[in-house]
Amino acid sequence: MELQSFHGIADVDVGPFKPKPTTLTEGQSEASVVLWKSQDGRERVGVWECTPGRFTADRSKEAELCWIVSGKAVLRRSDGEVRTLGPGDVLILPRGWRGEWEIVETTRKVFTVVSG
């Protein structure tokens with residue numbers, strides 16, 4: 001397995017922004033880049049960025065670890081639990097997590113997703 005390192009994660013090019021498919025806010029957009037993917041495709045690591053607004057999220061089939069690099073977001077789990085996240089915060093969304101993200105300030109995160 002090849003060892004990879006990335007410096008200046010805040011400056012990694014995430015590519016062009018596109019409309020956020022699960023948005024609840026008109027005009028919200030996102031961009032992401034996968035930096036590494038396992039051979040079977042079940043694990044991937046990347047960088048994601050999203051503009052302000054609200055969107056739904058469903059982790060029924062995968063778990064995700066998020067490290068917030070910049071911005072501010074509020075997460076609301078479907079049962080009502082609320083968490084506010086900012087730079088340096090780490091969040092684990094276990095398989096089965098459902099809820100809503102509110103991006104208060106454009107937010108960038110490093111993510112690791114494990115599916116299957």
Q: Any chance you could measure Thr84, atom OG1, to Lys72, atom NZ, to the nearest 0.5 Å?
A: 6.0 Å
Q: Working to the nearest 0.5 Å, report the span between CH2 of Trp101 and OG1 of Thr22.
A: 11.0 Å
Q: Taking the side chain as every heavy atom from C-beta outward, state whether Trp97 and Leu75 have any atom pair closer than 4.5 Å.
A: yes
Q | Expected output: side-chain Arg108 to main-chain Ala10 donor-acceptor under 3.5 Å | A | yes
**Q.** Closest non-hydrogen atom pair between Ile103 and Cys50, with its separation
**A.** CG2-O, 3.6 Å
(Q) Is there a path of hydrophobic side-chain contacts, each under 4.5 Å between heavy atoms, that joins Val74 and Ile92? (A) no
Q: Grab the two heavy atoms, one from Glu30 and one from Pro21, that are nearest each other, plus how far apart they are.
A: OE2-CD, 3.3 Å
Q) Which atoms form the tightest heavy-atom contact between Pro16 and Ala31, and what is the distance? A) O-CB, 3.5 Å
Q. Is there a donor-acceptor pair under 3.5 Å between the side chain of Ser38 and the backbone N or O of Glu43?
A. yes
Q) Knowing that exactly one of Glu102, Glu81, Arg83 qualifies, which makes a side chain to side chain contact (heavy atoms under 4.5 Å, CB included) with Arg76? A) Glu102
Q | Cluster overlap Val113 with Ile68, hydrophobic side-chain contacts below 4.5 Å | A | yes
Q) With no hydrogens and no angle check, do the side chains of Thr23 and Gln28 hold a donor and an acceptor under 3.5 Å apart? A) yes
Q.
A side-chain contact here means heavy atoms from C-beta on lying under 4.5 Å apart; do Val45 and Val34 qualify?
A. no
Q. What is the ring orientation for Trp48 with Phe55, classed by angle as parallel under 30°, tilted 30 to 60°, or perpendicular over 60°?
A. perpendicular
Q: Answer whether the closest heavy-atom distance between the side chains of Trp67 and Asp89 falls below 4.5 Å.
A: no
Q. Quick one: CG on Leu91 to CD on Glu64, what's the gap to the nearest 0.5 Å?
A. 8.0 Å
**Q.** Nearest non-hydrogen partners of Ala63 and Arg95, listed with the distance
**A.** CB-N, 3.7 Å
Q. Is there side-chain contact between Val110 and Val69, with at least one heavy-atom pair below 4.5 Å?
A. yes
**Q.** Full working for side-chain contact (heavy atoms from CB on, under 4.5 Å) between Val90 and Leu65
**A.** CA-CA 7 Å; Val90 173; Leu65 175 109; 3.9 Å; yes
**Q.** Residue pair Thr106 / Thr51: nearest heavy atoms and the distance that separates them
**A.** OG1-CA, 3.8 Å
Q: Please check if Leu85 and Val82 belong to a single hydrophobic cluster, counting links between Ile, Leu, Val, Met, Phe, Trp and Tyr side chain heavy atoms closer than 4.5 Å.
A: no
**Q.** Ser60 side-chain N/O to Gly96 backbone N/O, donor-acceptor pair under 3.5 Å
**A.** no
Q | Over all atoms of both residues, closest heavy-atom pair of Ser70 and Pro87 | A | CA-CG, 4.0 Å
Q: Ignoring hydrogens and angles, tell me if any N or O in the side chain of Arg42 forms a donor-acceptor pair with the backbone of Ser115 under 3.5 Å.
A: yes
